[in-house]
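To start, the structure under review is shown below, and the notes come after it.
Counting convention: from 1, in listed order, for ligands and their atoms alike. If you read the sequence from its start, that first residue is 1, and numbering goes on from there.
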Amino acid sequence: MPLTTPTADSTDTSDTLLQFLYRAPIGLAQTSLGGDIEMVNPMSAQLLMPLSPNGSLDNLFTTLEALAPHLRQLVADFSAPSGVICEAMRLTLDHAPRSMPGPQVLSLSLMKLDESRLMAVLADATAEAQREQQGLARRLRDAARTDSLTRMPNRSAVRELIETALQRAPGDPGHDFAVVFINCDRFKQINNALGHSVGDEVLGLMADRLRSILRGGDVLGRTIEAGQMAARIGGDEFVIVLDELHRPDDVHGIAHRLLDALGKPYLVGDHQVYCNVSLGIVLRAQTGRDADADTVLQDANIAMVEAKRAGGARYVVFEPTMHERAARRGGIEAELHTALADGQLFVVYQPVVGLREPPASAASAGVECLVRWRHPVRGVVPPLEFIPVAEECGLIGAVGDFVLSTACRQFMQWQAELGPSAPRLLAVNLSRAQLTQTGFVARVEDLLRSNGMPAHCLQLEITESLAAQDEAVQACLHELKALGLTLALDDFGTGYSSLSNLHQFPVDTVKIDRSFVSQVDVSHHHRVLVQATVMVANSLGMSTVAEGIETPAQAAVVRKLGCDKGQGYLFSRPLPAGELGPWLLAAAGQAPVLEATA
Ligand code: C2E
Ligand code: MG
Ligand code: MG
């Protein structure tokens with residue numbers, strides 16, 4: 001039964017109430033406890049009518065039956081004399097019987113008026129529900145596009161922006177863009193040495209620096225005015241999209257600025273953490289016609305890897321020829337697993353001869369182990385082609401372990417077979433990743449013990465950049481030395497350090513790089529450099545080895561300059577294990593091969 005229209009001059013309270021009910025912008029329906037509708041206001045009629053199965057509003061429960069079967073139970077269970085029975089039930093009306101268009105979401109509250117009557121309060125909650133749903137969807141979308149650690153946009157967000165940028169036709173205003181792929185050079189070491197929470201903090205600080213760089217007023221801010229995004233797309237990987245780049249050449253300045261800003265130390269607690277970055281940059285002009293966001297990111301990544309391979313802390317702009325190199329590296333990576341499993345790796349040994357001792361003992365001063373890969377198709381692959389790949393893909397631990405264990409075993413076999421003619425020192429090259437491997441020192445100790453090899457017979461060769469690493473590397477080097485073995489600084493002169501900081505390296509031997517030795521007999525400058533190195537090394541109690549001696553003249557000069565040992569094709573190329581014995585016997589017996597040094 002509908003409410004009667006109140007008369008304009010109604011004055012008593014019930015009339016006023018009636019007027020209110022009639023005009024109320026919410027639906028009000030008074031029913032019996034069984035749901036029989038006793039009165040409805042126009043709004044509730046409007047809300048309920050479309051749901052009524054037979055076109056008339058007799059019973060509230062019947063009207064809402066399909067949607068809220070528990071309503072009856074709710075009323076039956078409600079024992080209090082009066083009050084709110086249930087508050088703002090949401091009814092989604094997708095499947096409701098509809099005789100006419102109506103709300104999609106209805107909110108309903110039931111109030112028990114007395115022992116025999118209920119008041120239903122109804123409202124159209126469609127708009128509100130839609131708003132909520134949109135808000136939720138937005139939050140979900142934002143969460144799916146946000147990196148939780150740095151609160152930066154993530155890979156999905158970056159991909160969308162790159163896709164949009166790619167869709168602009170050449171010649172469109174703001175058509176050019178650049179994507180900068182950023183990767184920390186030694187993030188794994190920071191995590192290993194200082195813990196993941198420090199690593200996370202460094203990433204957070206990096207994100208702050210990137211954000212502040214992208215803010216206006218900066219070189220970057222002035223160069224590109226719109227469409228920039230800095231995102232974190234994975235572990236220690238960040239990406240900057242410089243959209244609508246006015247002058248593509250500006251990326252060089254931007255790259256320098258990024259290298260400078262991100263390379264400054266990060267203060268985390270008591271730690272000053274240094275973390276250089278390598279950048280790979282893709283310019284719009286370099287993207288292929290069919291490129292999508294993933295290809296662009298891949299290309300930027302390839303350029304970043306090139307920057308890393310060149311020593312890190314630099315940027316490289318992508319060129320299509322890099323694809324080929326990356327594919328070759330990818331191939332090497334896949335095949336290297338097989339190589340390790342199938343025993344395709346082997347070790348060769350290059351004699352290191354004493355330059356200041358009689359030929360009889362000079363030949364057996366030592367050997368350097370050099371790894372080789374006998375590839376089933378490509379033949380023997382030199383280490384410089386696969387060691388860097390092994391370092392990048394995490395296989396260097398296994399490769400290094402193979403070399404060290406093979407060489408220690410071989411060294412002891414020579415001692416047994418050759419007696420006093422056997423080499424006295426075994427030099428093994430180390431990679432950066434080996435030194436930061438947990439348990440490396442224990443592994444070396446174990447190998448020495450299991451082979452019965454005296455520690456002083458082992459020399460580990462490290463490069464300058466490796467020796468100058470952080471505290472964790474330094475600590476590992478000292479632990480290694482504490483085992484009783486010696487350390488050599490390999491390729492000295494090619495790195496960034498100079499004679500004046502040689503004393504900072506905890507090494508016993510300096511190996512002077514071939515690039516100096518090869519000129520030592522023809523260039524005064526090189527001779528002076530070698531001489532100075534020998535003098536400084538000796539004053540620090542270090543011995544010296546001249547690498548890559550190819551001619552008797554070079555051998556004579558380095559000997560005159562005081563080098564203790566020499567190594568090079570003049571004496572011998574690296575030899576398979578089985579050929580070293582005969583070489584040693586021949587060299588000790590005949591001596592002429594070493595006489596060039598005398
Ligand atoms: P390195 O440690 O400086 O080794 C010396 C390199 O110079 C060797 O190249 C050797 O064959 C070459 N060489 C020796 N004498 C002469 C000479 O008179 N003239 C010329 N032109 N070259 C000479 P190789 O075997 O190709 O090794 C290159 C580099 O690869 C090594 O340089 C070392 O840094 C790395 N490497 C080799 N084996 C291993 C390994 O087992 N582990 C690690 N981490 N690195 C290795
Ligand atoms: Mg070496
Ligand atoms: Mg060397």
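Looking only at protein heavy atoms, the nearest one to atom 29 (C) of ligand 1 is Leu384 CD2, 3.7 Å. Closest to atom 6 (C) of ligand 1 among all protein heavy atoms lies Leu370 CD2, 4.7 Å. Atom 38 (N) of ligand 1 has Val371 N, 3.1 Å as its closest protein atom, hydrogens excluded (heavy atom only). The shortest contact between atom 1 (P) of ligand 1 and any protein heavy atom is with Asp490 OD2, 3.7 Å. Protein heavy atom in closest approach to atom 11 (O) of ligand 1: Pro574 CG, 3.5 Å. Of the protein's non-hydrogen atoms, the one nearest atom 46 (C) of ligand 1 is Asn429 CB, 3.7 Å.
Residues Leu203 and Phe187 have side chains in contact (heavy-atom distance under 4.5 Å, counting atoms from C-beta outward). The shortest distance between side-chain heavy atoms of Met206 and Asp236 does not fall below 4.5 Å. Under the 4.5 Å side-chain criterion, counting only non-hydrogen atoms from C-beta, Leu489 is in contact with Leu502. The shortest side-chain heavy-atom distance between Pro383 and Arg372 falls under the 4.5 Å cut-off.
Distances from the Mg ion (ligand 2) under 2.8 Å pick out these protein N/O/S atoms: Glu368 OE2, Asn429 OD1, Glu461 OE1, Asp490 OD2.
Close approach to Asp491 involves these atoms of ligand 1, each under 4.0 Å from a residue heavy atom: 3 (O). Those atoms of ligand 1 that come under 4.0 Å of a heavy atom in Glu547, given as number and element, are 3 (O). Of all atoms in ligand 1, listed by their number and element, those nearer than 4.0 Å to a heavy atom of Glu461 are 2 (O). The distance from ligand 1 to the heavy atoms of Val403 drops below 4.0 Å at these ligand atoms: 41 (O). The ligand atoms of ligand 1 that sit less than 4.0 angstrom from a heavy atom of Glu550 are 17 (C), 18 (O), 19 (N), 20 (C), 21 (N). Near Arg514, with a cut-off below 4.0 Å to any heavy atom, the atoms of ligand 1 are 19 (N), 20 (C), 21 (N), 22 (N). Heavy-atom contacts of Gly568 reach the following atoms of ligand 1: 15 (N), 18 (O) (cutoff under 4.0 Å).
The nearest protein heavy atom to atom 44 (N) of ligand 1 is closer than 4.0 Å. Under the 4.0 Å distance rule, the nearest protein heavy atom to atom 32 (O) of ligand 1 falls outside the cut-off. Of the protein's heavy atoms, at least one falls inside 4.0 Å of atom 19 (N) of ligand 1. In this structure, atom 14 (C) of ligand 1 has protein heavy atoms in its sub-4.0 angstrom surroundings.
For the side-chain contact (heavy atoms from CB on, under 4.5 Å) with Cys563, the lone residue among Val557, Val517, Val558 that qualifies is Val558. Each of Glu547, Lys511, Glu461 was checked for a side-chain contact (heavy atoms from CB on, under 4.5 Å) with Asp491, and the lone residue meeting it is Glu547. Looking at Asp200, Asp208, Asp147 one by one, the single match for salt bridge (charged side-chain N to carboxylate O under 4.0 Å, His left out) with Arg232 turns out to be Asp147. Test Arg328, Arg378, Arg329 against Glu385 for salt bridge (charged side-chain N to carboxylate O under 4.0 Å, His left out) and you get one pass: Arg378.
With sequence neighbours left out, Ser421 forms a side-chain contact (heavy atoms from CB on, under 4.5 Å) with Leu418, Leu585.
The proximity of Ile387 to ligand 1, defined as any non-hydrogen pair under 4.0 Å, is limited to the side chain. When heavy-atom distances to ligand 1 are checked against a 4.0 Å cut-off, Gln567 has no atom that comes that close, whether in backbone or side chain. Counting heavy atoms under 4.0 Å from ligand 1, residue Leu570 does not touch it at all. Under 4.0 angstrom from ligand 1, there are no non-hydrogen atoms of Lys511. When heavy-atom distances to ligand 1 are checked against a 4.0 Å cut-off, Val348 has no atom that comes that close, whether in backbone or side chain.
The two residues Gly566 and Ile549 come nearest to each other via the heavy atoms CA-CD1, 3.7 Å. Minimum interatomic distance between Arg443 and Ser405 (heavy atoms only, all atoms of both residues): NH2-CB, 4.4 Å. Closest of all the heavy-atom pairs between Ala363 and Val353 is CA-CG1, 4.3 Å.
The distance criterion of under 3.5 Å between nitrogen or oxygen atoms is not met by Gln434 with respect to ligand 1.
Within a 6.0 Å sphere centred on CD of Glu417, heavy atoms belonging to other residues, nucleotides or ligands number more than 12. When the shell of 6.0 Å around NZ of Lys481 is examined, it contains more than 12 heavy atoms from other residues, nucleotides or ligands.
For Asn276 (side chain) and Asp185 (main-chain N/O), no donor-acceptor pair under 3.5 Å exists by modelled atom type. In terms of modelled atom types and a separation under 3.5 Å, the side chain of Ser523 and the main chain of Val520 share no donor-acceptor contact. Looking at Asp508, its side chain never comes within 3.5 Å of a backbone N or O of Met542 through a donor-acceptor pair.
Residue Pro383 holds the heavy atom nearest to atom 24 (P) of ligand 1 of all those in Pro351, Pro382, Ala390, Pro383. One option in Tyr569, Phe402, Phe386 has a heavy atom closer to atom 12 (C) of ligand 1 than any other, and that option is Tyr569.
Not a single heavy atom of Gly400 sits closer than 4.0 Å to an atom of ligand 1. Judged by the shortest distance from any of its heavy atoms, Arg372 lies inside the 4.0 Å radius around the atoms of ligand 1. Judged by the shortest distance from any of its heavy atoms, Arg573 lies outside the 4.0 Å radius around the atoms of ligand 1.
Side-chain contact annotation: Glu368 with Asn429, donor-acceptor N/O pair under 3.5 Å present.
Between Arg573 and Glu579, none of the side-chain N atoms (NZ, or NE/NH1/NH2) sits under 4.0 Å from a carboxylate O, so this pair counts as no salt bridge.
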